[in-house]
There are 2 protein chains.
Amino acid sequence: MGTKERRAREKEQLQRQILSAARELFVNEGYENVSMRKIADKIEYSPTAIYLYFKDKADLLDSVCKETLLSLLNTLELLNRDKSNPIETLRKSGRAYVEFGLQYPQDYKLTFVIRPQFQQGLGLGEGSVGERVFNYLRAMVSECVRQQAFRQVDVETTGQALWSAVHGVTLLLIDFPDFPWTEKDKLIDTVIDTMIEGLKA
Amino acid sequence: MGTKERRAREKEQLQRQILSAARELFVNEGYENVSMRKIADKIEYSPTAIYLYFKDKADLLDSVCKETLLSLLNTLELLNRDKSNPIETLRKSGRAYVEFGLQYPQDYKLTFVIRPQFQQGLGLGEGSVGERVFNYLRAMVSECVRQQAFRQVDVETTGQALWSAVHGVTLLLIDFPDFPWTEKDKLIDTVIDTMIEGLKA
DNA sequence: TAACTTTACTTAACACTGTTAATTATACAG
DNA sequence: CTGTATAATTAACAGTGTTAAGTAAAGTTA
């Protein structure tokens, strides 16, 4: 038999091909400026073929963003997490988060700004990749409190506050490239270090 | 004579009419979902009439955002700025900033996220309203340092870092309304207070 | 008042968008 | 070889931003 498996494999391959064409276009030209026809051209299929693999354009965006989140999660988890210095781990993770955003600015905006607009609220629900990213952050804060490097703060709120700070600096640097920022690395460090300083025991 | 003045006044009035129709639609339905024809319908003119008053749709967006920034600036400057307690002033301003964003979420996103995408970098240049808003922030930080409420931090960098933090929390609360945030006010206060704590002498 | 000019606005059109329904081609099973 | 499911296509719809050409009204001058 085996032909069924081959066909399934081919379908999956085409799905991936669509996804990677969409990502490349979204990232380079912006979600709004990419038409289904452009994607279709790139993969040399008719525009409507895409609809056999994705519900609509927003679904395509959603899939692209899920991949981005997985990649971010992977980046964060690669950081060697030596428990002996949880503050340093937190600092490094914060930097890695911002740097990820700056390295793939359009991916970042797609995931954390554009998508929420098109898929109200989804993406951070239970079991989602987004939730796993946030869990990672929560665990780090928790460790800082446990080792009394931080004072007895509310882990949940603190995690969200830290996320706010790194999210903010990432987006400002992406969205206003012409603003006279002080040296970029200095700004990122200041944001992270000031937050950490404010949380110390 | 006077007819010339009257005509000029009428033109200006129509321009304002277009602007306010555009703002209302942009805010309620999102920039992308508003067509020139919809705006035209609302003011009962033909779609192309708008082009006699605004270069294109992005120009319309730009004008709407300039108004938003002026309104934000006005909100901030209304805060009674008693110099005796610069930290408290800073804290109140931070809260006012975030609350402004949450009160007019679509305006805020239009101004600080959508527009930069359509009008690369503009809006924070010299003499702009955006610059005036940031000057306000810089002055507050400067006062904190002068009175030695803050340690001897770099005013420029610190201002940018504070902006990052409030921008971040504002956007997260707007973009992920379904995320299980801890109580909203508590989160906002935590972000602002943690930053301030980290800057104290 | 009559003819001319400027201003304000509209109509028609172009090339493009996301998406659906109907249609064709392809590959499989019996 | 025939019938059937699957995959992909073509055609079409209603809508988009924007431009060019045309029209109606108002102001100016004789």
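Lettering follows sequence order; numbering is per chain, from 1.
Using bins of under 30°, 30° to 60° and over 60° for the plane-to-plane angle, the ring pair A/Phe26/A/Tyr31 lands in the perpendicular bin.
Side-chain N/O atoms of B/Arg37 and base N/O atoms of D/dG15 include no donor-acceptor pair closer than 3.5 Å.
A straight line from OH of A/Tyr51 to P of D/dA11 spans 18 Å, rounded to a whole angstrom. For the pair B/Ile43 CD1 and C/dC9 C1', the interatomic distance rounds to 11 Å; values are reported in whole Å. We find that CG of B/Leu60 is positioned 14 Å from C1' of D/dT18, with the value rounded to whole Å. We find that CE of B/Met36 is positioned 14 Å from P of C/dT10, with the value rounded to whole Å. Rounded to whole angstrom, the span from the CG atom of B/Asp59 across to the P atom of D/dG17 amounts to 15 Å. Taking atom CG on B/Asn33 and atom P on D/dA14, their separation rounds to 20 Å, with Å as the unit. Here C/dT20 presents its C1' atom at 19 Å from CZ of A/Phe54, a figure rounded to the nearest Å. Here the C1' atom of nucleotide C/dT20 and the NZ atom of A/Lys57 are 17 Å apart, to the nearest Å.
Among A/Phe134, A/Tyr108, A/Phe100, the one residue that satisfies the ring-ring contact (aromatic ring centres under 6.0 Å, His included) test with A/His167 is A/Tyr108.
When heavy atoms are screened at a 4.0 angstrom cut-off, B/Tyr45 is found touching the sugar-phosphate backbone but no base atom. Backbone-only engagement by B/Leu14 is indicated by non-hydrogen atom pairs under 4.0 Å involving sugar-phosphate atoms exclusively.
Look at B/Lys11 and you'll find a side-chain N or O under 4.0 angstrom from OP1 or OP2 of C/dA8. OP1 and OP2 of D/dT9 both lie 4.0 Å or more from every side-chain N or O belonging to A/Thr48. Neither OP1 nor OP2 of D/dA8 sits under 4.0 Å from any side-chain N or O of A/Ser46. In terms of phosphate contacts, B/Tyr53 brings a side-chain nitrogen or oxygen within less than 4.0 Å of OP1 or OP2 of C/dC9.
Considering only the side chain of A/Leu52, D/dA8 comes nearest among D/dT16, D/dA8, C/dT20.
Salt bridge B/Arg91/B/Asp189: absent, no basic N to carboxylate O contact under 4.0 Å. The pair A/Arg115-B/Asp175 does not count as a salt bridge, with every side-chain nitrogen at least 4.0 angstrom from each carboxylate oxygen.
B/Asn135 and B/Arg132 form no side-chain donor-acceptor contact under 3.5 Å, judged by distance and modelled atom types alone.
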